[in-house]
Every structure is written in C-alpha cells, then in structure tokens.
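As the structure is a computational prediction, the values presented were derived from the model and not from experiment.
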Amino acid sequence: MKTSNPVAMTAWKTAAACLLSLVFAASAHAHADAATLAGGFATGFMHPVLGWDHVAAMVAVGLWGAFLGDRAVWTLPVVFPIVMAGGGVLGLLGVPMPFVEAGIALSAIVIGAMIATASRPPLWVAAVVVGAFAIFHGYAHGAELPEAANPLLYTAGFMVATGLLHVGGIVLGLAVRWPTGAKVVRGMGALISLAGVGFLTGTL
Amino acid sequence: MGVRSSHPGWWLLALLLSPLPAWAHGSIPGANVFYDGFLHPFLAPAHAISLAALALWLGGQGEARKGLVIGGLALGLLAGALLAGRLGDPNTDLALLLLALACSLMVAFQWQGPRWWVASLTFALGAAVALGSGDPAFSGSPRLILIAGACVGAVILVGQIAFWVDELVVRYRLRPALIAVRIVSSWLSAITLLLVALAWTAR
C-alpha cells in the first residue's frame with residue numbers, strides 16, 4: 001500500500017490508533033464478573049492490604065529477611081505463608097484462639113524491634129519467631145474464608161498480597177548493603193515496632 | 001512520503017490485532033471436544049494448581065529424575081484415561097489438592113524424596129488429572145478425544161512451566177528465580193492446605 005497524501009497518511013494513523021484502542025478494550029473485557037471478584041480474589045487481596053497491622057508485620061518479615069541476608073531472604077517468606085495456612089486451618093475449624101488481634105500487633109512490635117536492634121539470631125530462631133506470629137495472621141484470614149463467594153480466589157488473593165508485602169519489605173531491606181541504608185532500615189524497624197504498640201493499645 | 005506495508009509498525013499492529021480472531025472462538029460451549037478437554041487443566045483450579053506445583057518441582061530436577069517424573073506422569077495419565085469411564089468420572093479435586101500440597105512442599109523445602117515416592121506421586125497425579133477430566137455427557141470416541149485433549153493440555157501446562165524453571169534455575173542458576181520458585185511454591189502450599197481444610201470441614 002502506498003500513498004503520498006499527508007492527509008491520507010494522518011487518516012491511516014488515526015485509523016490505526018482507533019484499532020489499537022479496540023485491542024486494549026478487548027483486554028479490559030477480560031475481567032472476571034463483579035460477583036466473583038466481590039467474594040474472590042479482590043476481597044482476599046485487600047484483606048491484608050487494608051489492615052495496617054497486617055501490612056506492618058508483613059513488611060517487617062521481608063525487611064528482617066533482607067536484613068539477616070543469605071538464606072533468610074527466602075526462608076522467612078517461605079515459612080510465613082505455610083505456617084499462616086496452618087493458622088488459617090485453625091480458624092476454619094473454629095478452634096478458639098484468644099488474643100488474635102493482640103498477637104498480630106505483637107508481631108509488628110517484636111519483628112520491628114528485632115530489626116531496630118539489629119538482632120541476628122540463628123536462622124531457625126528467626127523462622128520460629130516469624131512462624132509463631134504467622135499463626136495469628138492466618139487465623140484472622142481463615143476465619144473469613146467460609147464466607148467468601150469463591151474460596152480459591154479469596155485464598156489466592158490474600159496469599160499473593162501477603163507475598164507481595166514480603167517482597168516489598170525485602171526490596172526496602174536491600175538498602176542494608178550501604179551503611180546509611182542499614183541505618184534507614186533499622187529506623188523503619190523502629191517505626192514498625194512503634195506502630196505495633198499503637199495497634200496494641202488501640203491508638204492507631 | 002509513502003507508507004510501506006513492510007513497516008515494523010504495521011507488523012506490530014497486525015500482531016496486536018491477531019488476538020481478536022482468537023477471541024472469536026468464544027467460550028467452551030462453542031469449541032470442539034478436543035479443545036474442551038485441552039482447556040480443562042488450565043481452567044479447573046485443582047487441576048491447574050496441582051500441575052503447576054508438579055511443574056515447579058520437575059523443573060528443578062536433574063535429568064534422571066526428570067525422566068522418572070515424565071514417565072510417571074505419562075503412565076498415570078494413560079491409566080486414568082482408560083479407567084475414567086469405568087470408575088464413573090470421579091471428582092478428583094480433593095486428591096489433586098493433596099498431591100499439589102505434597103509437590104509444593106517438596107519445592108518449598110527443596111526435598112528430593114526417594115525414587116519410589118517420586119514415581120508414585122507423579123503417577124497418582126497423572127491418574128487423578130485424567131480421571132477427573134471425563135464428562136458423563138460424552139461417550140464413545142468424543143469421550144476419548146475429550147480426555148486425550150485434557151492429557152495433552154496437562155502435559156503442555158507442565159512442560160511450559162518446567163521448561164522455564166529448568167532454564168532459569170538449573171541452567172542459568174539465577175538466584176532470584178530460585179527464590180521466586182520457592183516463594184510461589186510456599187503460596188501454593190498454603191492455598192492448597194486451606195482448600196483441603198475447607199473441603200474437609202464442608203463434608
């Protein structure tokens with residue numbers, strides 16, 4: 001196809017742009033229906049994201065993993081969801097667990113303090129600490145699972161959100177490679193710990 | 001100024017437009033029987049999760065183990081395809097979730113397991129996929145084609161994921177890829193554990 005007319009050329013470009021926009025409109029239609037999303041992936045995804053106590057603790061896990069370095073970078077984010085699922089099973093089964101919200105707040109206080117004080121316990125100790133608190137987080141998620149319209153999507157949603165918050169913490173924690181970065185990371189740990197106190201006392 | 005049909009922009013546009021005819025195939029009711037079966041492992045959550053977990057594990061194995069896994073999976077698919085009708089097209093979702101849990105935990109904790117365990121696990125997973133892919137609405141050759149499509153889809157799903165894990169983790173030894181595989185498998189473990197518990201409590 002050849003043309004030397006600038007007007008025709010502009011028309012072709014406009015037509016191409018319109019066609020391109022139609023292509024992306026097709027992608028937009030690929031979304032699941034609202035009913036599925038309401039009780040599915042979006043609800044599950046937003047559950048940890050909208051709770052600041054969850055967010056603080058998840059980011060702290062990633063931060064601590066990056067701060068400890070080496071195998072801890074992946075060990076803590078691997079241990080957390082698996083043990084969290086164990087807590088979720090307890091919630092599903094309706095096993096009574098006291099102080100769930102306090103446990104979640106305490107997770108932010110303790111893990112934040114570990115980062116702030118530059119604590120470097122053995123890896124298994126760090127995994128046990130993180131795993132113990134993961135039970136409280138899992139319990140809170142699991143208790144809501146039977147009400148979800150689509151349990152699979154709900155579970156996938158909150159698991160992906162949890163994982164992404166961990167990754168966010170890891171990315172921030174990579175700053176420990178530099179002396180100033182290490183101080184900033186420890187400062188973030190202190191902030192998370194203080195926020196945990198706020199969650200525990202109800203001031204936040 | 002002329003517009004040449006060989007301009008890269010036009011090729012790009014043509015490439016972007018090509019999905020539109022693909023969309024025209026519509027949903028599963030309008031597709032042919034093989035296509036129905038082929039899509040089943042991708043669209044049925046328990047099938048997709050279990051095959052993805054197996055693929056993550058397969059991709060990180062050495063060549064000898066790969067042969068064992070592929071052989072076990074192929075035999076399992078064949079056995080399941082042959083038995084699906086006789087067993088009345090059982091719902092194998094719970095079994096698949098349990099097998100997915102086993103596979104994803106093995107990846108998360110980098111556990112190789114003895115050869116008999118690997119062979120049994122992959123055989124059981126293949127059989128459960130094929131057994132759960134039948135449809136009582138079909139009989140005779142359409143039924144065989146449906147299950148054959150599901151088996152091909154399962155192999156392609158596993159092969160695609162395993163290929164990339166093998167390339168990135170085993171061949172190029174990319175540490176971030178290894179970390180990503182282990183983290184994703186821990187998510188799969190957690191999801192399957194909760195779904196198994198939910199299925200159990202719903203009984």
Side-chain angles (χ1 to χ4, degrees), chain A residues 1-6 8-9 12-13 15-17 19-20 22-24 26-27 29-30 44 65 71 73-94 134 138 141-142 145-146 148 150-160 162-163 166-167 170, chain B residues 1-7 9-24 43-49 52 93 96-97 100-101 104-105 107-110 175-202:
Chain A
M1 170 180 23
K2 288 194 173 188
T3 176
S4 57
N5 185 344
M9 180 70 184
W12 273 109
K13 282 183 178 174
L19 283 170
L20 207 58
L22 286 173
V23 172
F24 290 115
S27 306
H29 273 95
R71 291 171 60 200
V73 174
W74 59 261
T75 302
L76 301 189
V78 164
V79 165
F80 193 95
I82 293 174
V83 180
M84 187 171 83
V89 171
L90 295 177
L92 266 175
L93 296 174
H141 295 310
L145 188 55
N150 188 322
L152 173 72
L153 288 175
Y154 177 88
T155 312
F158 81 69
M159 215 49 82
V160 170
T162 299
H166 287 160
V167 172
I170 291 171
Chain B
M1 193 166 95
V3 178
R4 288 181 296 146
S5 59
S6 59
H7 190 282
W10 292 107
W11 288 108
L12 180 64
L13 181 62
L15 196 66
L16 284 169
L17 285 170
S18 60
L20 287 177
W23 277 92
L43 299 179
H47 289 240
I49 287 177
D93 283 2
L96 281 169
L97 289 173
L101 179 61
S104 52
L105 283 174
V107 181
F109 294 107
Q110 295 284 286
R175 192 160 183 265
L178 176 63
I179 292 171
V181 165
R182 296 182 76 159
I183 288 178
V184 168
S185 60
S186 73
W187 296 359
L188 288 178
S189 307
I191 291 169
T192 49
L193 180 59
L194 279 169
L195 290 177
V196 166
L198 186 64
W200 191 264
T201 53

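Residues passing the side chain to side chain donor-acceptor pair (under 3.5 Å) test with A:His141, sequence neighbours excluded: A:His47. For the side-chain contact (heavy atoms from CB on, under 4.5 Å) test, residues two or more places apart in sequence or in another chain that qualify with B:Val196 are B:Leu94, B:Leu97, B:Leu98. The side-chain contact (heavy atoms from CB on, under 4.5 Å) check on B:Ala197 picks up A:Val89, A:Leu92, with sequence neighbours excluded.
Heavy atoms closer than 4.5 Å to chain A are found in both the backbone and the side chain of B:Leu193. No part of B:Leu188 comes within reach of chain A, as not one of its non-hydrogen atoms sits under 4.5 angstrom from that chain.
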Test side-chain contact (heavy atoms from CB on, under 4.5 Å) applied to A:Thr155 and B:Leu198, step by step: CA-CA 11 Å; A:Thr155 312; B:Leu198 186 64; over 6 Å; no

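Top candidate by heavy-atom pairs under 4.5 Å with chain B, chosen from A:Val79, A:Val73, A:Val78, is A:Val78. The greatest number of non-hydrogen atom pairs below 4.5 Å with chain B, out of A:Gly86, A:Gly163, A:Pro77, is found for A:Gly163. By number of non-hydrogen pairs under 4.5 angstrom with chain B, the leading residue of A:Val160, A:Thr75, A:Leu93 is A:Val160.
Heavy-atom neighbours of chain A within the stretch residues 177-184 of chain B, taken at a separation under 4.5 angstrom, comprise B:Ile179, B:Arg182, B:Ile183.
Going from atom CD1 of A:Ile82 over to atom CH2 of B:Trp187 covers 12.5 Å, rounded to the nearest 0.5 Å. From A:Met159, atom CE reaches atom OG of B:Ser189 across 9.5 Å, with rounding to the nearest 0.5 Å.
Between B:Arg175 and A:Arg71, the shortest heavy-atom distance links the atoms NH2-N, 4.3 Å.
At a threshold of 4.5 Å between non-hydrogen side-chain atoms, the residues A:Phe158 and B:Leu194 count as touching.
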